[in-house]
Amino acid sequence: MFTSQDLDALADQSIELPSWAFGNSGTRFRVFPQAGVPRDPFEKVADAAKVHELTGLAPIVALHIPWDLVEDFAALRRYAEDLGMTLGTINSNTFQDDAYKLGSLTHSDRRIRQQAIDHHFQCIDVMGQTGSRDLKIWLADGTNYPGQDDIRGRQDRLADSLAKIYQRLGEDQRLVLEYKFFEPAFYHTDVPDWGTAYAHVEALGERALVCLDTGHHAPGTNIEFIVAQLLRLGKLGAFDFNSRFYADDDLIVGAADPFQLFRILVEVIRGGGFGSTSGVSFMLDQCHNIEKKIPGQIRSVLNVQEMTARALLLDRAALGSAQDAGDVLAANDVLMDAFYTDVRPALAEWRASRGLPANPMAAYAADGYQERIELERVGGAQAGWGA
Ligand code: LRH
Ligand code: MN
């Protein structure tokens, strides 16, 4: 089924796991705590390493500041590396401090903006210690009522704040700006869509790129079109993968709409956004509110791998000739044929050939790790969003 080229491409796939997916999470209605949840970033890294051990797919952990602040990041880095992991994208957080109620990098008060800028300087310092390449900025900034603030003025202040942060980056460091069309702001959001994010990163410079979170679009948005365009413009820096039925549900990627994930990966491969040298990082950004966290992450990276494998099987030559011939149904048929190809048995065989469990979910269930952490991790404060 797979050419050796396909398998090499799959072997080159690496997905960043969000440290916060291993902590407790929920909605405004309830955060259901779970036994065995990590109490600190070291335990989060250990859980991520278990996902990588069983899948061979996830050698990187993204951190969130201040949720993952530690005394000694060099120690955390060594701990991760001893487990075969690297510390990845550093996520800033200007959405939980009272000072930022009316905005952070966009706030009308220069002192509040400077406080938010200083937080990003702190994140850049952390990147120096963890060896991370990317600083990811998502802003909750926005308003709830028309007239609440000057939309144009906020954009000018945002551009000025981002420029100050960009100037502080080291030459091997990048900034990825994430957009989201609403929530927690319910009238306007200052970085609501890919166009706004693109305009800001284009103004900043070549080491400023866009982060596309698959849960951050208005219903009905053709996300793979945005992927194609941002790759064409050379400004797609990262994905936050998850899935949703309604809003920013942060469910397991591919769970709600596997066909959409497939279509996105078709455009990623077509646009040169796939592989360790593509400059596009593949991160998960999810919350396992009711399901077990570690198997939830295992399922997630397998979903990305499975849809990547189907997209790699797409007969691009046949698709191209059907497209050139204007043969609508034939072209669609070629794409659907790849999507409907069940790659799971071949992937299981391929994993086994690389010394990995053919069925990582079953391997985790039989591993004993879950039982052990539920026994050991008693006492202390379980990690969460601290909201
Ligand atoms: C905002 C977001 C952002 C993160 C947060 C955990 O909705 O997608 O990427 O900082 O979730
Ligand atoms: Mn996100």
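Each ligand, and each atom within it, is numbered from 1 in the order the structure gives.
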Ligand-side contact atoms (ligand 1) for residue partner [X], heavy atom cut-off under 4.0 Å:
X    : answer
K180 : 7 (O)
H64  : 4 (C), 6 (C), 10 (O)
D248 : 7 (O)
D213 : 8 (O)
W385 : 6 (C)
K136 : 9 (O)

Residue pair K180 / D248, side-chain heavy-atom distance below 4.5 Å: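 Touching, per the 4.5 Å side-chain cut-off.
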Side chains of P219 and F181 in contact at under 4.5 Å (non-hydrogen atoms):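 Side-chain contact under 4.5 Å: yes.
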Separation of Y187 OH from D149 CG (nearest 0.5 Å):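 The distance works out to 11.0 Å.
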Pairwise distance CG(L236) to OG(S278) - rounded to 0.5 angstrom: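 Going from the CG atom of L236 to the OG atom of S278 covers 8.5 Å.
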Distance-only donor-acceptor check, side chains Q155 and H200, under 3.5 Å: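 The criterion, which ignores hydrogens and geometry beyond distance, is satisfied for H200 and Q155.
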Check: D6/T3 side-chain N/O donor and acceptor closer than 3.5 Å: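 There is such a pair (donor and acceptor under 3.5 Å, judged by atom type) between the side chains of D6 and T3.
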Angular separation of OD2 (D240) and OD2 (D285) seen from the Mn ion (ligand 2), to 10°: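 OD2 of D240, the Mn ion (ligand 2) and OD2 of D285 span an angle of about 90°.
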Ring centres under 6.0 angstrom apart (Y100, F95):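 No, the ring of Y100 stays outside the 6.0 Å limit from the ring of F95, centre to centre.
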Part of D250 within contact of ligand 1 (heavy atoms, under 4.0 Å):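 None of D250 does.
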D240 contact mode with ligand 1 (heavy-atom cut-off under 4.0 Å):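 Only the side chain of D240 comes within reach of ligand 1.
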Passing option when I137 is tested against I165, T94, V191, V176 for side chain to side chain contact (heavy atoms under 4.5 Å, CB included):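 The passing option is I165.
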Geometric class of the F239/F282 ring pair [parallel <30°, tilted 30-60°, perpendicular >60°]: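 Geometry flag for F239 against F282: tilted rings.
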Heavy atom of the protein closest to atom 3 (C) of ligand 1 (residue, atom name, distance):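 Here the nearest protein heavy atom works out to E178 OE1, 3.4 Å.
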Nearest neighbour in protein (non-hydrogen) for atom 2 (C) of ligand 1: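 So the nearest neighbour among protein heavy atoms is D285 OD2, 3.3 Å.
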For the Mn ion (ligand 2), the closest N/O/S atom belonging to E178: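 Result: OE2.
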Nearest to the Mn ion (ligand 2) - the N/O/S atom of D213, by atom name: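 Among the N, O or S atoms of D213, the one closest to the Mn ion (ligand 2) is OD2.
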Min heavy-atom dist H216 to ligand 1 below 4.0 Å: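 Flag set, H216 near ligand 1.
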